[in-house]
Every structure is written in structure tokens, then in C-alpha cells.
Amino acid sequence: MSSNKFINLLVPIISLLLGLIAGAIIMVGFGYNAVEGFKALWNGAFGDIYFIGETVRQITPYIFSGLAVAFAFRTGLFNIGVEGQVIVGWLAAVWVGVAFDLPMIVHLPLAIAAAAIAGAIWGFIPGLLKAKLRVHEVIVTIMLNYTALYIANHLVRNVITDKGDRTESISSSASLKSQWLMEFTQYSTMHMGIILALIAAVFMWFYLEKTTKGFELRAVGFNQHASKYAGMNVEKNIILAMVISGAFGGLAGAMEGLGTFGYMSVQSGFTNIGFDGIAVALLGGNTALGVVLAAGLFGSLKVGALNMPVAGVPTELVDIIVALIIFFVASGYIIRWFLSRMKRRENK
Amino acid sequence: MEYVIEMLNIRKEFPGIVANDNITLQVKEGEIHALLGENGAGKSTLMNVLFGLYQPEKGEIRVRGKKVKITDPNVANDLGIGMVHQHFMLVDTLTVTENIILGSEPKKYRLSIDMKKAEEDVRKISEQYGLKVDPAAKISDISVGMQQRVEILKTLYRGADILIFDEPTAVLTPQEIQELIEIMHNLVREGKSIILITHKLKEIMEVADRCTVIRRGRGIKTLNIAETNPNELASLMVGREVSFKTEKEPAKPQDTILSIKDLVVKDARKVDMVRGLNLDVKAGEIVGIAGVDGNGQTELIEAIAGLRPVESGTILLNGKDITDLPPRKVTEAGVGHIPQDRQKFGLVLDYPIGENMVLQTYYKQPFSKRGVLNFKNIYDKAKSLIKEYDVRTPSEFTRARSLSGGNQQKAIIGREVDRSPDLLIAAQPTRGLDVGAIEFIHTKLIEERDKGRAVLLLSFELDEIMNVSDRIAVMYEGQIVAIVKPEDTTEEELGLLMAGSKKQKVGES
Ligand SMILES: Nc1ncnc2c1ncn2[C@@H]1O[C@H](COP(=O)(O)OP(=O)(O)OP(=O)(O)O)[C@@H](O)[C@H]1O
Ligand SMILES: [Mg+2]
């Protein structure tokens with residue numbers, strides 16, 4: 001038991017180290033100074049309070065999209081559609097933020113709820129198709145990503161605005177930005193969303209591990225036959241799992257719409273927040289705490305990367321490092337195999 | 001060189017438990033060597049060590065006199081050791097031939113698979129050992145008995161001459177068991193050596209040459225079968241006397257609990273399997289369903305439990321219509337169900353055994369309150385059930401998956417019997433259990449009966465049906481064709497009825 005937990009902790013750390021080492025090798029190989037490069041990366045993420053603010057801002061949507069993927073995964077479903085759920089969530093939040101004029105205490109929760117509901121609907125569709133018709137959720141969610149992208153672009157361009165490229169900015173009563181936070185972080189784009197993200201992580205942990213509903217959802221994910229035998233409604237649970245997962249995705253979009261940007265523009269392509277969520281969930285072992293930590297890593301790398309050109313290293317390199325880490329995590333079982341092999345050797 | 005296999009002083013530990021503690025097993029060339037022990041005694045573990053799936057902490061393995069290190073199943077294969085597992089490992093969507101050659105395919109020009117040669121090889125081996133199979137059939141379309149033959153062929157195809165069978169007969173019908181015994185005799189005649197795990201003493205007496213008994217991870221004794229008897233084997237294994245005949249008072253049937261009228265149920269292929277069946281079970285009696293597998297028993301039970309839709313007819317429980325209700329409603333109406341397939345239906349293998357103990361009751365007090373689970377109460381309950389039903393597990397937090405097959409079964413039985421439902425459906429409740437546990441479970445079923453519950457027992461073991469039932473309902477082609485009392489009938493007569501003999505229908509009351 002305890003040695004298993006130890007390995008579970010060790011594997012992502014080794015993956016991370018291997019990724020960083022590989023990154024260093026590449027930097028050196030291309031004639032850059034690896035030490036300077038990593039130093040710039042570190043400073044770019046945590047160098048001063050401004051950078052920390054930027055990093056936290058980047059981490060926020062990653063937590064949500066990671067939770068979305070992880071939640072579905074824990075219930076036996078593979079939600080590739082978080083990307084689409086982010087987009088519809090973003091759109092819904094901004095729409096509510098722009099269209100109404102309400103006191104903040106009503107407006108902000110309403111905009112957030114709109115994002116969650118939009119994402120939930122985007123999760124409901126593949127959930128329903130899976131539950132009733134056994135259509136595989138991966139196919140449906142991938143298609144719904146495109147649907148979301150084009151519908152959102154159409155609505156922004158032709159419905160919310162008149163052939164504009166972006167919506168108006170949301171009214172301040174729907175904004176997650178806080179004057180105090182901005183001042184504290186020397187006018188970074190950090191917003192209050194991080195608190196919501198952490199609450200969401202606690203919610204996911206509690207809901208899955210401690211409630212009867214979570215008990216059912218996980219059981220259905222492991223063994224549908226036994227769940228049905230035990231009197232659980234398998235179809236309902238599949239749908240519920242996708243709805244909650246989708247809501248998390250929608251909330252990731254709200255972070256962008258109500259926090260970082262305050263508007264939505266016509267998207268030329270995917271935001272990648274949803275797709276990165278897959279890697280975040282994987283790296284975090286599909287647990288709430290793991291997702292928060294993994295999102296922290298991803299966000300830091302992403303923001304820190306912006307500072308790497310200071311050391312003469314192209315930002316593309318960081319993408320390679322991130323890709324390498326994902327690669328090592330995805331092949332984490334190789335490391336696991338290696339560890340158990342070493343343990344076996346000791347036993348002999 | 002007398003022994004083909006020698007496992008000397010093997011020790012294997014799992015977290016919290018010593019599964020094999022200094023066990024020695026020596027198998028002679030050309031013999032059938034039985035391995036006997038209680039549920040969780042460590043038989044499967046020992047065989048997994050021999051097959052290279054587990055590494056022992058201590059001990060030495062010799063194959064044909066030579067000391068070896070079996071680090072993985074490939075090494076075992078190379079040494080000529082083959083294993084037929086308790087739970088089959090076949091690819092459902094592939095054909096018999098494809099499954100057999102999987103992993104050691106004959107190649108044409110080192111590139112493509114030589115299917116012709118493969119089929120030819122498979123046919124040759126299957127003829128040589130009398131293992132009739134259809135090489136082109138899909139696994140999903142053939143019976144469990146056939147699937148087992150495929151597993152055996154798989155090992156032979158890889159050139160195994162030492163074969164391990166882990167509870168091969170637990171999943172077979174009596175007819176298939178006879179065929180398997182024939183096959184084992186053929187294999188030995190062809191010079192193979194066999195290690196056989198089974199809980200059925202009758203089978204050991206019939207086929208084995210020698211038998212090694214293990215108890216709680218320790219080797220107890222190796223005996224010659226010719227010089228022993230079932231009673232000695234049983235008491236060696238359990239460590240006390242075991243009675244094979246369960247004592248019970250005559251039944252005192254009361255009101256009708258379960259009443260089935262003109263029931264029709266289809267199977268997955270939309271074929272009528274239950275065809276207008278009528279059956280009553282009263283409080284205070286055990287009704288045993290006897291029949292050859294495939295006559296609609298599974299469909300009948302799944303229909304009562306709400307797991308399979310009913311085409312027509314009604315199922316009444318205590319006079320209340322429960323036809324086609326969802327499983328939760330059926331459970332709440334007072335039905336308990338020990339399912340035939342424990343790993344598919346009975347357990348969430350990845351949940352701790354403790355949480356499996358509340359699989360149907362987790363949403364009720366005291367296991368949860370306002371939707372929040374109370375793990376203390378759940379695990380307290382689990383702990384007491386584990387104790388009462390002698391489920392051998394390191395702790396209540398152990399995953400169900402790592403329990404031995406028989407202990408998984410005991411856990412399910414404990415859970416279902418403990419709810420003391422008005423109607424208890426027990427489908428092959430003692431499949432894979434040791435004789436001591438079987439005795440215990442039979443006593444439990446009779447206790448439930450004496451508490452005034454109705455028990456519906458499905459079993460393919462005529463012994464069990466005759467021993468435990470108060471009335472025997474013979475099922476044939478989807479109908480109850482006769483109802484007899486065990487004291488008024490014989491196994492021979494039952495056998496005839498199960499084969500559809502009409503003459504006996506007079507016995508129906
Ligand atoms: N992978 C595992 N991890 C942890 N414990 C295990 C594992 N496999 C077996 N055990 C434990 O080792 C003991 C022996 O199990 P094993 O499966 O060998 O029993 P068995 O003799 O085959 O019993 P049965 O007749 O019920 O199949 C059991 O207590 C079981 O819980
Ligand atoms: Mg076993």
C-alpha cells in the first residue's frame with residue numbers, strides 16, 4: 001500500500017526530471033546555455049510578484065480543464081470534448097456579462113452559472129448518446145469541439161456583434177477581476193478565479209470520494225454489470241458524469257471570459273485549454289490534488305516560457321520540454337516497470 | 001530423474017499476508033498431481049509462482065532436475081510449462097485458431113501469418129489429444145467448455161508438457177467435466193504431466209495419482225490417492241472433521257413468497273429461453289432448480305432480479321407485482337441475489353472488499369446520511385461480515401481483486417444472506433468453494449429457510465441439489481417439467497428428467 005503510494009508520487013517526479021533533462025540536452029545541443037535558460041524560465045514564472053500573478057492566472061483555467069478530464073476519467077469516460085466545453089462556457093459567460101446590467105452579487109454568479117450550464121449541455125449530448133445508443137463518447141466529443149468552435153464564432157460575429165471580431169467587454173459587475181489583487185500583483189492579469197478553481201478541486205474530491213453519488217459514479221466506471229446488479233442506474237450515471245465534467249470545462253471558459261480577457265473574440269483555432277487539460281489530468285493521476293499540482297506545473301512552464309528569449313532560448317523549446325514531459329508521463333508505465341524491476345532485484 | 005517439477009520451500013508474501021509459507025511440491029513425470037486446500041490457502045499463488053507471474057521471496061524451483069529461475073511466463077513456456085487459468089484469457093472477437101497461435105504465429109516469409117499452417121497445426125494437435133474444437137469459430141460464439149479446450153490447446157501449441165489447471169471444473173457442467181477428465185487421461189497417456197487444482201474431492205479421487213494438501217499457506221502432506229479417501233483429504237485440508245451431508249429438519253412451508261406465472265424471457269440473441277414457466281416458492285422452503293446448463297436457468301434468474309427484460313408473464317413477490325422492475329426496486333422489495341458470475345456481477349473488483357459489502361445498501365442509513373458516506377459504519381459492517389463468513393483477506397481495505405476466488409464468493413454470500421431478504425436467489429453459490437466453506441454456506445441457507453425465508457437455489461451439482469433442497473424443480477427447455485422431493489427421487493431419475501424424458505412428468509404435483 002504505502003510503497004504503491006510512494007511509486008505513484010515518484011513516477012510523475014521522475015517524468016518531470018527526465019523531461020527537464022531532455023530539455024537541457026536539446027538546449028545544449030542547439031548551442032544555448034541550459035542553466036541560463038532554466039533560470040530565465042524560473043524567473044519568468046516566479047521571478048517577482050507580477051510574474052507570480054501571471055502564472056496563477058494561467059494555472060486557473062488549467063485546473064478546471066484538468067478536473068473536467070479527470071472527473072470523466074474516474075467514472076470510466078474519456079472526455080476529449082473539454083475544448084468545446086471551454087468555448088461554449090466562455091461564450092455563455094461573456095454573453096451574460098455583456099447583456100445584463102445587474103448588481104455584482106447577482107450578475108457574477110449568474111455569468112459563472114451560465115458557463116457551467118453551457119459546458120454541462122455540451123457534456124450532456126455525448127453522455128446521452130453514450131448511455132442510450134452506446135455511441136463512443138470520444139467520437140462525439142471530438143466532433144462537438146468543432147461544433148462549439150464554429151457556433152461560437154458565428155454567434156460572436158453575427159449575433160452578439162454586427163460583423164465584429166470580438167464582443168464588447170463585460171460589465172464590471174460580472175468580472176472576476178479585483179482591484180486589490182491587481183494592485184497587489186503589480187497589475188498582472190490575475191483574478192479571483194483561482195479561488196473558484198481550488199473550491200472546484202475540493203468539490204471534486206469530496207463528491208467522488210465521500211458521497212453516495214460519487215460511489216455510484218466510480219462503480220459504474222469500473223464495472224457496469226455489477227453497478228446495474230447493485231441497483232444503480234447506469235445510464236443516468238453516465239450522463240451525470242459527462243454533465244459534471246462538461247460543467248467543469250465550461251467553468252474553465254468562464255475563467256477566460258470573466259477573468260483574463262473580459263470579452264470573447266472570434267477564435268481562429270482552438271484555445272488548447274481543453275486539450276492541455278488532458279495532459280494535466282494525466283500528469284495529476286486523475287485526482288483532484290494531482291490536477292491542482294499538475295496545472296501548477298503546466299501554467300508555470302507556459303508563463304515562464306515567455307521569459308526564455310531573455311536568455312536567447314526560443315519559446316518553442318519550452319513547448320518541446322512540455323511535450324517531452326507529457327511523453328514521459330504517458331509512458332509512465334515504463335518507469336513503473338523499471339521501478340518494480342529494481343525492487344524485485346533487491347528482493348533476490 | 002523422477003520429478004519433472006520440484007518446488008522446494010517456496011515462500012511468497014503479499015502486503016499483510018504470507019500466501020505461501022515454506023511449501024514444497026514435487027510432481028512426478030506422467031502423473032496427475034492434485035493440489036488441494038481451502039479458499040485462500042495459496043494454491044493459485046503457488047501456481048502463479050511456477051508460471052513466472054510472481055517471484056517467490058524464498059525457495060528453489062527445479063524443472064527436470066535442473067535449478068531454474070522463472071522470471072516471467074515466457075521462461076515458463078520455454079521450459080514446457082503451460083497454465084490454464086481460473087479465469088480465461090481469450091480474445092472474444094478472434095477465432096479459435098487465432099487465439100491459439102496468438103503470440104507465436106507461424107510466419108510466411110517472416111512477414112505474414114501463415115493461417116493455413118496454423119489451422120493445420122491446430123487441427124493436428126486437437127486430434128492427437130482428442131480435444132475437439134471448431135478452429136474457425138469465434139470465441140464469443142462457443143461454450144465455456146469449448147473455451148477451456150482452446151486454453152488447453154494454447155498451452156499444447158506452445159509445446160507444453162507440464163500443464164497446470166487452476167480449478168478447471170468450477171465453470172463446467174457435469175457433462176463437460178467428464179469430457180475434461182477424459183482429456184486429462186489422454187494427455188497423460190501422451191506423456192504429459194498435470195497439476196490439477198480442484199475443490200471437488202470426487203474428481204481428485206477419480207483422476208489424480210497423488211495429492212498435495214496445503215492449509216493456510218503451509219504444505220501439510222502429500223499422499224497417494226490409492227491409499228486415501230475423501231474424508232481423510234477433507235479433514236487434512238480443513239483441519240477438522242467435515243460432514244458432507246448437511247443436517248436439516250423437514251421444511252415447514254408457509255405462505256407463497258415467489259409466484260411466477262407463464263414467464264417468457266429472451267436471451268441476448270432474442271431467442272426464447274424461458275418459455276411459459278410457472279413456479280412457486282414458499283416461505284420456509286428451499287426450492288432447487290436442476291437442469292442441464294442452457295435450459296433457461298440464467299435467464300430466469302436474471303429476469304427475477306430485474307437484470308433482464310420480461311417478454312410476458314408475471315413475477316409476484318409477496319403478492320406484489322415485481323415484473324420488470326429495475327434491480328433497485330426488486331432488491332428493496334425483498335430479493336437477495338447471489339449471482340452466477342461473481343466477477344461480472346457480484347463485485348466491483350477495483351473497490352475495497354469492505355465497500356463491496358454495501359454495494360446495494362450504501363445509500364441507506366447507517367452507511368450514509370444525506371448523500372454522504374459514513375466510512376466508519378461501512379467498514380465496521382464489513383469487518384463483522386468478514387469475520388462471520390470467514391472471508392480470508394488481509395484487511396477490509398484490500399481490493400476485492402486480490403482476494404482468492406473462493407473468498408470473493410464468500411464475501412458476496414455474506415452480503416446477500418446478511419440482508420436476510422424474503423427471497424434469496426442463490427445461483428451456484430458454492431462454485432469454487434472448499435468443502436468446509438460449502439458446509440458452512442449450506443448451513444446458512446438452511447438457517448435462512450428456518451427463519452421463514454424463501455430460497456431459490458440454482459446448481460448444476462446434483463449432490464448439492466439433493467442435499468439442500470426441500471423441493472426440486474427440474475428445468476428443461478425453458479419450462480419446469482417436473483417437481484420432485486429429494487427423498488422420493490434418485491440422481492438417475494433426475495438425470496433422465498433433466499434430459500427431457502416425458503414419462504416422468506407424472507411426478508409433477
Ligand atoms: N495479487 C495479490 N495481492 C494481494 N494478495 C493476494 C494476491 N493474490 C492472492 N493474494 C492473497 O493470497 C492468499 C492466497 O490466495 P490464492 O489465490 O493463492 O488462494 P487459492 O488457494 O487459490 O484460493 P481459492 O481456492 O479461493 O482460489 C489470499 O489470502 C489472497 O487474498
Ligand atoms: Mg485460486
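Chain naming here is simple, since letters A, B, ... match the order of the sequence lines and numbering starts at 1 in each.
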Top contributor to chain A contacts, counting heavy-atom pairs under 4.5 Å, from [options]:
options: B:Gly16, B:Pro326, B:Ser368, B:Pro339; answer: B:Pro339
options: B:Arg370, B:Glu355, B:Glu332; answer: B:Glu355
options: B:Lys344, B:Lys329, B:Gln360; answer: B:Lys344

Side chain / backbone / both / neither for [X] at chain A, heavy atoms under 4.5 Å:
X: B:Phe367; value: neither
X: B:Glu13; value: neither
X: B:Arg415; value: side chain
X: B:Tyr351; value: side chain
X: B:Leu359; value: both

For [X] and [Y], indicate whether the former's side chain and the latter's backbone hold a donor-acceptor pair under 3.5 Å.
X: A:Tyr229; Y: B:Ala305; result: no
X: A:Asn223; Y: B:Phe345; result: no
X: A:Lys228; Y: B:Leu307; result: yes

Could you tabulate the donor-acceptor pairs under 3.5 Å formed by side-chain atoms of residues 119-128 of chain A, not counting sequence neighbours?
{"residue": "A:Trp122", "atom": "NE1", "partner": "A:Leu144", "partner atom": "O", "Å": "3.0"}

Where [X] and [Y] come nearest, the two heavy atoms and their spacing:
X: B:Val348; Y: A:Ala226; result: CG2-CB, 4.1 Å
X: B:Leu373; Y: A:Thr212; result: CD2-CG2, 3.7 Å
X: A:Gly231; Y: B:Pro327; result: CA-CB, 4.0 Å

Centroid-centroid under 6.0 Å between B:Tyr363 and A:Phe215 rings: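 Here the rings of A:Phe215 and B:Tyr363 have centres that are no less than 6.0 Å from each other.
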Separation of B:Asn374 CG from A:Lys210 NZ (nearest 0.5 Å):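 The CG atom of B:Asn374 is 10.5 Å from NZ of A:Lys210, to the nearest 0.5 Å.
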Around atom [atom1] of [X], are there more than 12 heavy atoms from other residues, nucleotides or ligands closer than 6.0 Å?
X: A:Ile105; atom1: CD1; answer: no
X: B:Arg399; atom1: CZ; answer: no
X: B:Phe51; atom1: CZ; answer: yes

Between A:Arg218, A:Glu209, A:Lys213, the one whose heavy-atom pairs under 4.5 Å with chain B are most numerous: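 Of the options given, most contacts go to A:Arg218.
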Residues which pass side-chain contact (heavy atoms from CB on, under 4.5 Å) with B:Val372, listed by chain and number, not counting sequence neighbours: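 Once residues adjacent in sequence are excluded, the partners of B:Val372 under the side-chain contact (heavy atoms from CB on, under 4.5 Å) criterion are A:Phe206.
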